[in-house]
Amino acid sequence: MNSDLQTLYQEIILDHNKNPRNFRVMADATQTLEGFNPLCGDRYTIFLKMRGDVVMDITFQGSGCAISKASASVMSTIVKGKRKEEVLDWFMKFRELVTGKLDAHNREEELGKLAAFAGVSEFPARVKCASLAWHTLKGALELSTATVSTE
Ligand code: ZN
């Protein structure tokens, strides 16, 4: 990855950590689920408003490290308005990206801001931070009610 791109990706993560998007409680959520990463202490609640299988709205609340918060924020901007199946496709893509199984090179346009998390694959301890919100979202979409834990 060239250093300009790396700088851009760092800026995306810093920006979403400092000014997280959709960071609020949703009073009329149709699904709510908590996710916890005991390794780092990241803890978030995901709020979903579904109509059929479409994510009409998504918000989150909670606290954790910069990677976990930025990831939840970017995720919320990506999945809003998407169908459950599309969201699960993005989840798969994200998981492959942060575990180094998907080469983000030359796929920046397709991946958008998600590509900012490609560097996480070099830091195995941070993979759980980056993935927490996605795992929690998946649980919420599957109507799970038990807290999602990365352990
Ligand atoms: Zn973390």
Side-chain angles (χ1 to χ4, degrees), residues 1-27 29 31-50 55 57-82 84 86-105 107-108 110-151:
M1 199 186 294
N2 71 51
S3 61
D4 283 353
L5 206 52
Q6 217 151 15
T7 305
L8 169 70
Y9 288 166
Q10 273 163 8
E11 278 169 10
I12 290 173
I13 289 173
L14 288 174
D15 172 42
H16 278 263
N17 174 52
K18 209 174 157 200
N19 306 300
R21 319 299 197 270
N22 305 302
F23 189 64
R24 57 190 159 79
V25 171
M26 193 195 299
Q31 268 128 267
T32 312
L33 193 61
E34 187 183 50
F36 180 48
N37 172 15
L39 265 187
C40 181
D42 311 316
R43 189 187 290 273
Y44 295 98
T45 303
I46 304 277
F47 302 86
L48 282 183
K49 194 191 290 174
M50 302 294 294
V55 178
D57 201 7
I58 173 170
T59 66
F60 74 104
Q61 269 284 286
S63 61
C65 66
I67 295 278
S68 66
K69 187 177 272 183
S71 179
S73 173
V74 170
M75 178 187 82
S76 73
T77 65
I78 289 176
V79 306
K80 199 185 276 194
K82 300 250 178 1
K84 182 180 166 182
E86 292 175 89
V87 173
L88 295 178
D89 279 350
W90 277 102
F91 172 80
M92 293 291 290
K93 230 179 261 186
F94 183 80
R95 204 166 54 176
E96 287 177 1
L97 184 73
V98 295
T99 53
K101 290 179 189 130
L102 187 155
D103 186 1
H105 187 61
R107 294 180 69 174
E108 287 83 7
E110 172 199 349
L111 293 168
K113 288 196 167 150
L114 212 61
F117 297 92
V120 169
S121 64
E122 287 162 41
F123 306 94
R126 309 322 295 258
V127 171
K128 286 177 178 170
C129 299
S131 308
L132 176 63
W134 284 94
H135 280 291
T136 310
L137 172 62
K138 185 168 182 274
L141 286 171
E142 289 167 350
L143 307 181
S144 172
T145 52
T147 297
V148 172
S149 174
T150 53
E151 288 306 295

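Counting from 1, the numbers follow the sequence of the chain as shown. None of the values given here were measured: they were computed from a predicted structure. Atoms within each ligand, like the ligands themselves, are counted from 1 in listed order.
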Undergrad: So, Asn17 side chain and Ala70 main chain: donor-acceptor pair closer than 3.5 Å or not?
TA: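 No, the answer is negative, given that no donor and acceptor are paired below the 3.5 Å cut-off.
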Undergrad: In terms of side-chain heavy atoms, does Thr136 have a donor or acceptor partner in Tyr44 at a distance below 3.5 Å?
TA: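 Judged by distance alone, the side chains do not pair up.
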Undergrad: Could you name all protein N, O or S atoms found under 2.8 Å from the Zn ion (ligand 1)?
TA: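 For the Zn ion (ligand 1), the protein N, O and S atoms that sit under 2.8 Å away are Cys40 SG, Asp42 OD1, Asp42 OD2, Cys65 SG, Cys129 SG.
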Undergrad: At what distance, to the nearest 0.5 angstrom, does CG of Leu8 lie from NZ of Lys113?
TA: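 Separation between the atoms: 9.0 Å.
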Undergrad: When you measure from the side chain of Gln31 to the backbone of Ala140, do you find a donor-acceptor pair of N or O atoms at a distance under 3.5 Å?
TA: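 Such a contact is found between Gln31 side chain and Ala140 backbone.
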Undergrad: Please report the interatomic distance CG(Leu114) to OG1(Thr77), rounded to the nearest 0.5 Å.
TA: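 So the CG of Leu114 and the OG1 of Thr77 are separated by 9.0 Å.
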Undergrad: If you round to the nearest 0.5 Å, how far is CZ of Arg21 from CZ of Phe60?
TA: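 Interatomic distance, Phe60 CZ to Arg21 CZ, rounded to 0.5 Å: 10.0 Å.
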